[in-house]
Structure formats: structure tokens, C-alpha cells
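For reference, the structure is listed below as C-alpha cells.
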Amino acid sequence: MAAFTMHTSAATSPYSPAGTAILLRSRSRSYSYPTAATTTIRVSCSKTTVVIGVAADSGCGKSTFTRRLTSVLGGGAEPPRGGNPNSNTLVSDTATVICLDDYHSLDRAGRKAKGVTALDPRAIDFDLMYQQVRAIKDGRAVEKPVYNHVTGRIDPPELITPPEILVIKGLHPMYDERVRDLLDLSIYLDISNEVKFAWKVQRDMAERGHSLESIRASIEARKPDFDAYIEPQKQYADAVIEVLPTQLIPGPGDDEGKVLRVKLIMKEGVEHFAPVYLFDEGSTVNWIPCGRKLSCSYPGIRFAYGFGTYFGHEVSVVEMDGQFDKLDELIYVETHLSNLSTKFYGEVAQQMLTHADLPGSNNGTGLFQTIVGLKIRDLYEQIVARR
Ligand SMILES: Nc1ncnc2c1ncn2[C@@H]1O[C@H](COP(=O)(O)OP(=O)(O)OP(=O)(O)O)[C@@H](O)[C@H]1O
Ligand SMILES: O=C(CO)[C@H](O)[C@H](O)COP(=O)(O)O
């Protein structure tokens with residue numbers, strides 16, 4: 001159920017530190033962390049690991065998003081050299097992406113024996129997840145376990161050294177309060193049931209030979225735990241990319257789930273994260289860009305911009321329904337969006353063209369993932385500059 005309403009209420013920043021400073025020293029920096037009595041945070045360091053959380057159900061675009069993100073950050077992302085061929089980690093010059101599946105405390109057989117799904121917190125070692133993310137943020141390397149998706153077992157650990165940006169992607173990056181508090185920005189990819197089903201069919205039926213019935217059964221089997229443990233995390237997200245069926249096709253709509261209505265919901269008041277807007281900040285806008293400058297075939301394209309509340313937080317929302325015919329014309333749309341955190345004119349369009357082969361490159365999923373990637377780069381640069 002969508003939690004976005006057009007009322008207003010007080011914004012709450014997830015970052016409201018309070019406490020007395022305790023000085024900790026790590027390899028290349030010194031920090032002072034808050035405890036219970038003052039609001040002082042003193043930080044001086046030569047190296048900073050910014051931590052980003054990306055949450056979504058399985059098969060909902062986390063890997064696609066992190067590929068776009070590492071590209072925006074620069075340099076190719078690859079599994080650790082010479083390591084486990086089934087590693088779930090990606091390392092680039094700037095960022096390391098770890099997959100939280102690696103913190104499964106129960107392997108596939110263990111989950112089966114106990115009758116719990118991979119979404120159930122009992123299958124996850126949150127203590128270790130917290131300790132290791134905390135350590136990396138503090139500039140210390142860790143030996144992280146590896147969950148092997150080929151064998152379904154937990155492999156020997158791999159070394160993770162502190163990068164400039166650590167992305168933790170998976171089912172539960174915002175589930176545990178201790179881990180959540182380590183995040184400098186949190187993203188939730190909110191894929192509606194209809195679209196999730198269409199994507200699963202596309203991947204698991206076309207590419208993996210599963211039957212329609214087995215795909216339906218697997219989604220149904222995970223749904224209670226998804227509703228209980230995964231979806232509630234979206235209330236903590238600083239940005240949500242919500243993917244819904246189109247409203248541009250009347251009647252039964254688009255039953256292949258190819259034409260999508262995508263919303264970028266951005267919390268107000270988040271440090272270093274200024275929401276993107278269309279035309280005029282704070283107004284309500286409906287825009288059909290099709291015409292001389294943007295080619296649109298049926299069913300066209302519609303943008304909207306407005307604000308409201310999401311789980312009690314003030315938010316701005318940019319929405320795109322439909323798909324682009326010609327990606328090189330996207331620059332026309334880009335010029336009407338502000339606060340994009342681009343470094344040069346046309347950077348969004350350039351990123352979208354570079355990754356035209358990734359799923360969602362012709363619609364709002366690719367557009368908003370790219371924009372969130374640029375915002376993360378900007379957030380990182382602001383944090384480093386401040387420190
Ligand atoms: N924006 C999109 N548009 C269309 N299909 C998409 C989109 N994003 C993802 N998909 C489909 O979902 C599949 C899974 O995407 P991706 O690997 O990025 O998800 P994931 O959350 O990392 O999955 P997993 O957790 O299973 O590794 C893709 O192969 C594609 O079929
Ligand atoms: O939801 C998942 C995470 O994306 C996987 O189902 C979970 O990690 C278990 O993996 P596998 O099915 O390979 O044992």
C-alpha cells in the first residue's frame with residue numbers, strides 16, 4: 001500500500017546526533033563520536049568511508065542500481081581480484097559494494113531445516129553485520145564471510161579494506177537500528193507486486209527456464225516475510241524509488257509490465273541531500289514533454305512534481321510515467337530538472353546513454369537511479385569537504 005499522502009507534517013532528519021565526544025583513533029583518522037550528553041561531533045581525518053544502504057527484495061534492481069552508481073563514481077567495478085569466484089562483492093577505485101546476503105547465519109540447508117526464509121531476521125547475523133560495517137566506517141579492514149549462491153553454503157571470508165564509499169545492498173540494510181545509524185544515506189527500491197512479478201517472469205522464465213507457476217509460488221511463499229521484515233524498512237529511507245504499473249494505458253493497462261510509472265520520493269531535511277525538483281521548487285507540476293523536442297510513441301510520457309508526507313516525513317516527489325523513444329533526447333528533460341548534482345551539462349543523459357543496455361534505461365527507473373547515483377557522489381564530496 002502506498003504511504004505517500006499530500007498532507008504536510010514536521011520533517012524529521014534521521015541524523016540528529018547527541019552526546020559527549022569520545023575520541024577514537026584509527027589507521028588514518030581520528031573521530032569523536034557522540035554519547036548521551038552533548039551534541040558535539042568532532043571529526044578530523046585523512047580518509048572517510050561514507051556508507052550507503054540500498055534495500056530491496058530479491059530481483060528488484062539492486063545490482064542494476066549499484067552498477068549505475070559505481071559508474072557515476074568512476075572506474076569499473078569488479079569482484080575482488082584473485083578471490084572467491086562466487087564472491088558477491090564489487091570493488092571500484094572509489095566504492096566497494098558488499099551484499100548483505102554474506103551475513104546469512106544460516107546456510108540454505110540450515111534455513112530449510114529450521115523452516116525459515118532468507119528474509120527472516122533469524123537467518124541473518126546482525127551483530128556481525130553491525131561490527132563489520134562499524135569497523136569499515138572507522139577505517140579498519142574486516143574479514144567478511146561470503147555466502148555462496150551457487151552452493152548455498154557459507155564460504156571462507158574475504159578481506160574488505162575501507163573504501164571511500166561503502167555500499168551495503170541487500171534485504172536488510174535498514175532493519176537493525178545499529179546498522180541503520182551508520183548509514184549516511186539510505187535508498188529503498190520499492191517495486192510493486194505487479195511489476196515484481198513481470199520482472200521475475202522476464203528473468204526466471206526467459207533466462208532460467210522456471211515455469212510461470214513456480215515463479216508465482218516463490219513470490220507468494222516469500223510475501224509474508226517480505227511484508228513483515230523487508231517492506232517496513234522503507235519508512236527509514238532517505239530516498240525511495242517506487243515502481244508502479246503505468247496509468248497511461250487505460251483498461252487492463254500494460255500486462256507485460258514494460259511501461260512503468262516511477263516515483264522518486266526524497267525526504268526533506270536530510271543532510272547533504274537536496275531533493276531534485278522539476279521547473280519550480282515547491283510548486284505542483286504536471287508536464288507532458290512530448291512534442292518537437294522529445295519524441296514519444298504510444299502511450300507517451302508524463303512527468304509530475306509535488307510534495308507531501310511519507311510515513312510522517314515531509315517529502316518531494318518527482319514522477320515519470322512512460323518511456324523514452326530516443327535516449328539522446330533525454331537532455332531536454334534534464335534541462336528542466338534542478339538540483340541534479342551533475343558536474344557538467346548533460347551528465348544524466350550521458351550516463352543513461354552509457355548504460356543503455358541496463359534494464360530500465362528507457363524509463364524512470366534508470367533515470368531516477370542515475371540521479372540518485374549523482375546525489376550520492378555529491379553527498380560524499382560534501383562530507384569529505386566538511387571534514
Ligand atoms: N528497471 C528495470 N526494468 C526492467 N527490468 C528490471 C529492472 N531492474 C531489474 N529488472 C529485472 O530484474 C532482474 C534482476 O535485477 P537485479 O539483478 O538488478 O536485481 P537484484 O535486486 O540485484 O537481484 P538479486 O537480489 O536476485 O541478485 C533483471 O535481470 C531484470 O530482469
Ligand atoms: O533473497 C535472497 C537475497 O537476494 C536470496 O534468496 C537469499 O540470499 C538466499 O540465496 P539462495 O536462494 O541462493 O540460497
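Just so it is clear, the values below take in all heavy atoms, side chains as well, and ignore hydrogens, waters and symmetry mates. Each ligand, and each atom within it, is numbered from 1 in the order the structure gives. All values derive from a computational prediction rather than experimental measurement.
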For this session: Tell me yes or no: between the side chains of Ser361 and Arg68, is some donor less than 3.5 Å from an acceptor?
Result: yes
Problem set entry | Close-range residues for ligand 2, whose non-hydrogen atoms fall below the 4.0 Å threshold | Ser58, Asp101, His104, Arg108, Arg111, Ala118, Tyr147, His149, Leu171, Arg222
For this session: Please report the closest heavy-atom contact between Gly74 and Ser92, naming both atoms and the distance.
Result: O-OG, 4.2 Å
Exercise. Taking the six-membered ring for Trp, are the ring centroids of Tyr175 and Phe126 within less than 6.0 Å of each other?
Worked result: yes
Exercise. Any side-chain heavy-atom pair from Leu159 and Glu143 closer than 4.5 angstrom?
Worked result: yes
Problem set entry | Lys/Arg-Asp/Glu bridge criterion (N-O < 4.0 Å) met for Glu213, Arg216 | yes
Seminar exercise, completed: Using heavy atoms and a strict 4.0 Å limit, residues surrounding ligand 1 turn out to be Asp57, Ser58, Gly59, Cys60, Gly61, Lys62, Ser63, Thr64, Trp199, Gln202, Arg203, Pro359, Gly360, Thr365
For this session: Mind running side-chain hydrogen bond (donor to acceptor under 3.5 Å, both in side chains) on Asp378 and Gln382 for me, showing each step along the way?
Result: CA-CA 6 Å; Asp378 185 50; Gln382 287 184 56; 2.9 Å; yes
Problem set entry | Closest contact, heavy atoms only, Ser71 versus Gln351 | OG-OE1, 3.0 Å
For this session: Please work out whether the ring planes of Trp287 and Phe303 are parallel, tilted or perpendicular, with thresholds of 30° and 60°.
Result: tilted
Problem set entry | Pair Arg122 + Asp225: basic N to acidic O under 4.0 Å | no
